Amino acid sequence: MNAKGAAGSGRNDGGSDSSTTSKKNSKKPKYSRFTQQELPACKPILTPGWVISTFIAVGIVFIPIGLASLSASERVVEISHRYDRECVPVDYGNDLVAYIQSTNTNKTCAVSLTVPKQMKQPIYIYYQLDNFYQNHRRYVKSRSDKQLRSKDYERDTSNCAPEATNDDAPIVPCGLIAWSLFNDTYQFSVNEKLLQVSKKDIAWKSDQKHKFGSDVYPKNFQSGGLIGGAKLNSSIPLSEQVDLIVWMRTAALPTFRKLFGKIEVNLEANQIISVVIENNYNTYSFGGKKKLVLSTTSWIGGKNDFLGIAYLTVGGLCLFLAICFILLYVIKPRPLGDPSYLSWNRSPAGHMN
């Protein structure tokens with residue numbers, strides 16, 4: 001009896017051990033209503049009424065927004081003038097690169113712009129460049145944010161090649177972006193009265209405070225053999241070099257505008273604006289274009305018809321679909337959730353059983 005009991009006890013112990021081991025090695029997750037997807041859930045049924053109502057609501061909301069956006073864009077007055085070809089002397093008409101690279105050619109030219117409608121202040125002055133790829137990977141990386149922020153990182157130029165050092169001294173600010181700083185200038189006058197161009201608030205305040213240090217001053221900038229663009233005043237810290245700050249915020253597309261300044265007086269319709277341009281920036285080497293743009297703004301910003309057209313298109317399409325669904329529902333209605341329309345309830349010929 002004792003032997004049998006011992007044997008039975010051994011068998012029971014072995015069975016309990018195996019069951020415990022199998023439980024430990026089991027990959028079955030603990031039961032919960034979450035893992036078993038048994039929590040209460042909203043499962044909306046897209047009835048014809050809901051679908052039609054949604055399309056109508058979207059159309060009713062989007063179409064007025066589109067009309068308001070188009071109206072605001074139409075109120076913006078914009079003058080755009082391309083001058084890169086106009087400012088080249090006739091003698092250099094066939095050799096534009098030689099003209100822009102020569103130090104002996106006169107780069108000054110005068111153009112006249114007519115104000116089409118009254119332009120209320122502030123009037124924003126932009127320069128527009130075409131076919132200039134500021135989004136090129138090597139160009140975008142050619143800068144030192146640490147150097148721009150603090151003078152303690154003056155020698156941090158590891159990413160700035162080929163504009164990193166000059167005679168073993170660090171260039172501040174270094175990199176291709178700063179080196180290619182736009183250097184055309186504009187002078188405006190109306191009725192022989194000079195218009196002042198304000199540089200106030202043309203750069204982002206966050207950039208001035210956090211990205212460009214007040215203790216960082218230009219050093220060895222544009223002092224090499226090849227000059228890329230504008231020079232900087234070495235007595236002004238980078239945080240106040242607003243033209244540089246605007247330029248350093250690289251554009252995502254090859255055609256872009258950057259803010260040059262503001263005219264803070266009203267201009268009346270049909271007035272003639274005389275502009276004296278210093279055509280210094282080389283866009284001829286890569287087939288680029290340069291434009292001068294004067295523009296007012298509205299609540300949506302500058303002149304941009306795309307936003308209004310996009311809203312009108314989506315709103316109109318939604319109303320069109322709503323009307324189609326209404327006609328389909330009225331002309332050829334069918335019961336909601338009719339199982340006879342399921343593929344497995346149809347005959348091989350495609351007819352309902």
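Being a predicted model, the structure only gives us computed values, none of them experimental. All values below come from the heavy atoms of this structure, side chains included, with hydrogens, waters and symmetry mates left out.
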Enquirer: Output the rest of the hydrophobic cluster of I227: all Ile, Leu, Val, Met, Phe, Trp and Tyr residues reachable through side-chain heavy-atom contacts under 4.5 Å, sorted by chain and number.
Expert: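 Hydrophobic cluster check, I227: no partners found.
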Enquirer: Using a cut-off of 6.0 Å, state whether more than 12 heavy atoms not belonging to R85 lie near its atom CZ.
Expert: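 Result for CZ/R85: open.
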Enquirer: Hydrophobic side-chain clustering at under 4.5 Å (ILVMFWY, transitive links): who's grouped with I300? Put none if nobody.
Expert: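 Other cluster members: W299.
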Enquirer: State whether Y83 and K289 meet the cation-pi test: NZ (Lys) or CZ (Arg) under 6.0 Å from the six-membered ring centroid, and within 45° of the perpendicular axis.
Expert: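 K289 over Y83 ring: no.
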Enquirer: With a 4.5 Å heavy-atom cut-off, do N106 and P89 have their side chains touching?
Expert: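 In short, these two side chains do not touch, never coming nearer than 4.5 Å.
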Enquirer: Quick one: name the residues clustered hydrophobically with I100, using the 4.5 Å side-chain heavy-atom rule over I, L, V, M, F, W, Y, and just say none if it's on its own.
Expert: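 V88, Y92, L96, V97, Y99, Y284, listed by chain and number.
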Enquirer: So Y127 and Y186, do their side chains get closer than 4.5 Å, heavy atoms only?
Expert: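 Y186 vs Y127: side chains touch.
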Enquirer: Give a yes-or-no answer on whether the side chains of S142 and R138 include a donor-acceptor pair shorter than 3.5 Å.
Expert: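 No.
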Enquirer: Going by atom types only, do Y31 and E38 share a side-chain donor-acceptor pair under 3.5 Å?
Expert: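 Result is yes, a qualifying pair exists.
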Enquirer: Kindly state whether the ring of F132 and the ring of W247 have centres lying under 6.0 angstrom apart.
Expert: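 Centroid distance F132-W247: below 6.0 Å, so yes.
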Enquirer: Could you report the tightest heavy-atom contact between I236 and P218, atom names first, then the distance?
Expert: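 The answer is O-CD, 3.4 Å.
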Enquirer: Which residues pass the disulfide (SG to SG under 2.5 Å) test with C109, sequence neighbours left out?
Expert: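 By the disulfide (SG to SG under 2.5 Å) rule, C109 matches C87.
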Enquirer: Show me the pairs that pass salt bridge (charged side-chain N to carboxylate O under 4.0 Å, His left out) and involve residues 261-285, at least two apart or across chains.
Expert: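 Output for this query is empty, none listed.
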Enquirer: Can you list the other members of the hydrophobic cluster that holds V61, where links are side-chain heavy atoms under 4.5 angstrom apart?
Expert: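 Other cluster members: V58, F62, I65, L307, Y311, V314.
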